Amino acid sequence: MNKKQWISSILAAAVLSSPIIMPTKGSAAASFIDIDGSYAKKAIVELFDQEIVTGVGESKFYPTSNITRQDFAIILAKTLKLDVSNPPALPTFLDVPTSNYAYSYVEAAVKAGLIKGTGSNLFGTGQNLSRQDMVVMFVRALGVNPTGKAGTLQFADSSQIADYSKDFIAAAVEYGLITGYNNFFNPDTKVDRQAVALVASKFLKFKENGNTEQPASTPTAQPSKEPVTVPTPVVGGSSSSQSEHSSNSDTNAPVVESTKFEAIDNYNGTQDQLRGLAGAIGEQGAAVQAYLWTDANENGEVDADELGTAIALGTSASDGSVSAANIGDLNAGTYRFVITAKDSSNNESAKKAVHAVTVTLSKNEVPDTTAPVVDAAKFEAIDNYNGTQDQLRGLAGAIGEQGAEVQAYLWTDANENGEVDADELGTAIALGTSEADGSVSAANIGDLNAGTYTFVITAKDSSNNELAKKAAHAVTVTLSKNDVPDTTAPVVDATKFEAIDNYNGTQDQLGGLAGAIGEQGAAVQAYLWTDANENGEVDADELGTAIALGTSAADGAVSAADIGDLNAGTYRFVITAKDSSNNESAKNAAHAVTIELVNGVLTTPTVTSSIYGFDGGGGSKTKQLITGSTQSRIRFDFFSGESFTNAEIQVTLEGMIFTTNDYYTISGWTHPTSDQISNNGHTLTFTGSNIGVSDIAFELHNKVMPAPGTYLIKFKADADGPGTARSYSEEQVITLIILPPA
């Protein structure tokens with residue numbers, strides 16, 4: 001925390017961060033409560049009425065606050081009425097992107113040839129504008145040729161003016177845009193808002209006269225109400241009028257610019273101070289005093305009995321500044337001081353409200369001079385895959401206080417001495433600010449190659465106390481740079497699992513057909529599920545012990561594995577699959593398969609057919625159709641290898657489902673019933689006639705063809721029905737190929 005602050009710093013931050021709100025047009029004088037004491041009040045009102053300048057907040061203009069280069073560009077563009085409606089797609093300057101609020105104004109000024117930037121493709125965004133740069137841009141806007149005019153400069157500090165701006169400043173004097181102050185120009189001083197307004201107003205008047213004003217034959221820099229501007233945001237009072245002093249008899253009191261006085265707000269137990277910035281007093285060597293003013297009758301006038309004892313602030317310097325002097329160890333609060341100055345001729349400025357400055361003291365505690373503690377051991381890297389930034393973060397307790405700015409520096413100990421030398425650190429990487437628990441959120445540190453890296457961690461608090469860059473604050477991390485991490489569990493299609501119903505005394509089995517598991521090499525398990533509460537949800541206490549079924553093949557199939565010598569009955573198993581990245585599918589009802597076991601006595605299997613297929617007996621075992629088409633009828637037959645009596649037949653469709661509108665015949669055409677259809681509509685199971693037959697036919701009606709691909713129609717049959725001498729035949733298939741549209 002910054003315990004010792006200039007009051008100006010507090011208000012400067014407020015000015016920069018406050019939203020700009022325009023008072024009602026034509027009401028600037030009434031709305032801006034802080035311009036009555038400004039030498040540029042008339043200019044401010046004029047420019048506001050022309051919508052060239054705006055206020056800050058709801059009722060203030062802050063005339064003495066600095067102006068940034070980008071905000072000046074806005075005023076310049078508005079003053080010249082430049083076209084800002086069609087800025088270029090690509091920015092001229094790296095630090096003025098298209099998203100910057102001043103982008104269109106800066107680009108318009110560049111196009112007009114008024115702005116050159118600060119070099120290296122930078123405009124200088126965020127920098128406060130100097131007096132000499134302001135003048136250069138205004139003179140460019142005049143469209144005059146200033147070349148060769150530098151020889152006429154007569155300011156006492158002309159030698160301090162940059163060569164690139166001398167001709168422009170001389171031209172500005174010649175054309176009446178500026179006059180300087182007490183024969184000083186102060187080129188590097190940061191210009192304030194009121195100075196910009198005054199020069200802009202003069203600029204407009206010059207342009208309105210058609211550039212016909214005749215410059216003086218020998219322009220001389222004279223004192224005026226355009227003072228040197230420096231940051232002085234604790235505002236109060238105004239400047240008094242000034243006049244030239246007679247060389248023979250000095251009868252004029254020194255000018256007092258109370259807005260250029262500011263307080264130094266020291267902590268409790270220490271004297272607070274008051275000082276004047278450059279331009280605070282109009283002449284050198286004046287004795288300056290401050291009087292605490294309490295406006296008892298609240299009439300805004302300084303009455304004689306309202307002033308405290310005079311506090312000597314010292315004498316004014318050549319630039320009008322006044323060194324800081326003690327004003328007492330004051331309590332927190334707001335105070336007003338009337339400033340006076342007395343010259344060597346005993347001329348003293350008046351004790352009146354325009355010479356008053358208002359200051360607010362917060363009286364902080366003893367200043368913080370200790371840097372935040374850093375525990376580098378609590379920093380860790382997030383090792384992301386190639387093509388993605390790796391990150392560094394701090395766990396709880398990594399930083400000893402909240403709100404510290406944390407940075408990391410890549411350290412290469414070139415001389416291997418274990419000490420952090422200045423030339424061994426890379427560019428600072430901002431990690432963000434510390435949280436209340438001392439943690440620091442993960443921040444990007446670059447897409448680094450696999451390897452070991454050492455970073456030195458620093459932390460800087462709000463009082464600008466920064467931890468030393470040394471080995472004790474270093475953390476070493478190792479990155480392996482894996483490929484894109486797999487975080488998706490394998491897909492499980494439980495409908496493609498089926499049981500092998502072995503005879504009594506032999507283990508039954510469960511296996512998956514092609515496509516049962518969505519990826520190869522997954523570890524597949526089955527859990528016997530008893531839905532005790534019959535809610536259709538898989539609760540944790542309803543699953544039996546995991547039964548390993550093996551790993552999935554390239555086509556997603558899972559070989560049959562033993563599940564126990566189960567009694568005849570119906571069973572449900574939840575199927576899961578876990579890949580090599582440890583991603584496991586959920587144990588839920590969507591992944592459950594229901595099987596029915598008969599456990600007959602195994603003798604001889606039903607004989608496999610060799611002539612079943614589409615379009616009647618002996619037809620093709622492959623049929624091609626177009627995706628999305630609707631087929632009114634698809635006919636296929638199953639010719640058994642032997643005569644069926646009380647046979648059990650099971651037919652499974654891929655890509656389509658049976659409905660009660662379809663037909664089958666074993667001893668006459670009939671519709672399937674709903675209780676014969678299972679497996680979400682894909683499987684039809686029925687018992688044949690007691691008359692021995694070998695031809696079973698099927699018709700699918702009004703089916704919409706699925707997506708392009710290969711789909712199987714599978715047959716299994718038991719020629720003499722369940723529980724007798726024969727078992728199910730081996731699975732037999734015909735193939736339906738779905739083609740994309742031509």
Side-chain angles (χ1 to χ4, degrees), residues 1-5 9 13 94-95 97 118-122 124-127 365-485:
M1 296 178 291
N2 188 356
K3 310 299 185 182
K4 182 176 180 180
Q5 307 174 42
S9 298
L94 297 176
D95 55 350
T118 60
S120 301
N121 292 330
L122 297 175
T125 295
Q127 297 178 15
E365 301 300 329
V366 177
D368 178 8
T369 59
T370 304
V373 173
V374 169
D375 186 348
K378 293 184 177 176
F379 279 82
E380 64 181 14
I382 299 175
D383 183 9
N384 286 321
Y385 48 88
N386 290 322
T388 302
Q389 293 249 347
D390 301 294
Q391 295 179 302
L392 199 63
R393 67 179 176 185
L395 306 177
I399 304 298
E401 64 181 82
Q402 183 178 5
E405 296 178 5
V406 185
Q407 294 184 313
Y409 298 81
L410 184 62
W411 174 32
T412 304
D413 190 11
N415 56 14
E416 298 181 352
N417 66 349
E419 299 293 331
V420 178
D421 303 314
D423 59 349
E424 295 178 341
L425 293 179
T427 305
I429 302 170
L431 301 185
T433 55
S434 53
E435 302 293 338
D437 65 352
S439 63
V440 183
S441 298
N444 292 338
I445 56 175
D447 181 17
L448 305 176
N449 294 323
T452 299
Y453 300 86
T454 300
F455 292 90
V456 172
I457 310 296
T458 68
K460 183 189 292 184
D461 62 20
S462 58
S463 299
N464 219 34
N465 301 308
E466 184 171 19
L467 193 69
K469 303 176 182 72
K470 58 184 182 181
H473 301 145
V475 58
T476 299
V477 298
T478 299
L479 305 176
S480 60
K481 302 301 292 182
N482 301 315
D483 291 327
V484 178

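Values below: every heavy atom of this structure, side chains too, minus hydrogens, waters and symmetry copies. Because the structure is a prediction, the values reported are computed rather than measured.
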Backbone N or O of [Y] within a donor-acceptor pair of the [X] side chain at under 3.5 Å?
X: Thr125; Y: Asp95; answer: yes
X: Asn384; Y: Thr388; answer: no
X: Ser434; Y: Glu401; answer: yes
X: Asp413; Y: Gly418; answer: yes
X: His473; Y: Ala468; answer: yes

>> Applying side chain to side chain contact (heavy atoms under 4.5 Å, CB included) to Gln407 and Ile429, what does each step give before you reach the verdict?
In response: CA-CA 5 Å; Gln407 294 184 313; Ile429 302 170; over 6 Å; no
Nearest heavy-atom pair of [X] and [Y]: which atoms, and what distance?
X: Ala381; Y: Leu479; value: CB-CD2, 4.0 Å
X: Tyr409; Y: Gly426; value: CD2-O, 3.3 Å
X: Ala459; Y: Val374; value: CB-CG2, 3.8 Å
X: Glu466; Y: Ala371; value: C-CB, 3.5 Å
X: Leu395; Y: Glu380; value: CD2-OE2, 3.6 Å
X: Ala472; Y: Ala376; value: O-CB, 4.3 Å

Enter the distance from [X]:[atom1] to [Y]:[atom2] here, rounded to the nearest 0.5 Å.
X: Ile445; Y: Ile382; atom1: CD1; atom2: CD1; result: 9.0 Å
X: Arg393; Y: Leu431; atom1: CZ; atom2: CG; result: 12.5 Å
X: Leu94; Y: Asn121; atom1: CG; atom2: CG; result: 5.0 Å
X: Leu410; Y: Leu392; atom1: CG; atom2: CG; result: 10.5 Å
X: Ile399; Y: Glu435; atom1: CD1; atom2: CD; result: 11.5 Å

Is it the case that the side chains of [Y] and [X] hold a donor-acceptor pair, with the cut-off being a distance below 3.5 Å and no angle test?
X: Asp421; Y: Asn415; answer: yes
X: Asp447; Y: Gln389; answer: no
X: Ser480; Y: Asp383; answer: yes

>> Taking the side chain as everything from C-beta on, heavy atoms only, tell me whether Asp390 gets closer than 4.5 Å to Asn444.
In response: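 No, every pair of side-chain atoms sits at 4.5 Å or beyond.
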> Do Lys460 and Leu467 pass the side chain to side chain contact (heavy atoms under 4.5 Å, CB included) test, and can you show the C-alpha distance, the side-chain angles, and the key distance before you say yes or no?
Replying inline: CA-CA 7 Å; Lys460 183 189 292 184; Leu467 193 69; over 6 Å; no
> Under the side chain to side chain contact (heavy atoms under 4.5 Å, CB included) criterion, do Thr370 and Asn465 qualify, and how do the steps go?
Replying inline: CA-CA 6 Å; Thr370 304; Asn465 301 308; 5.6 Å; no
> Under 4.0 Å between a Lys/Arg side-chain N and an Asp/Glu carboxylate O for Glu419 and Lys470?
Replying inline: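 Looking at Glu419 and Lys470, the cut-off is not met.
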> Hey, mind stepping through Val406 and Phe379 against side chain to side chain contact (heavy atoms under 4.5 Å, CB included) and telling me if it holds?
Replying inline: CA-CA 11 Å; Val406 185; Phe379 279 82; 4.1 Å; yes
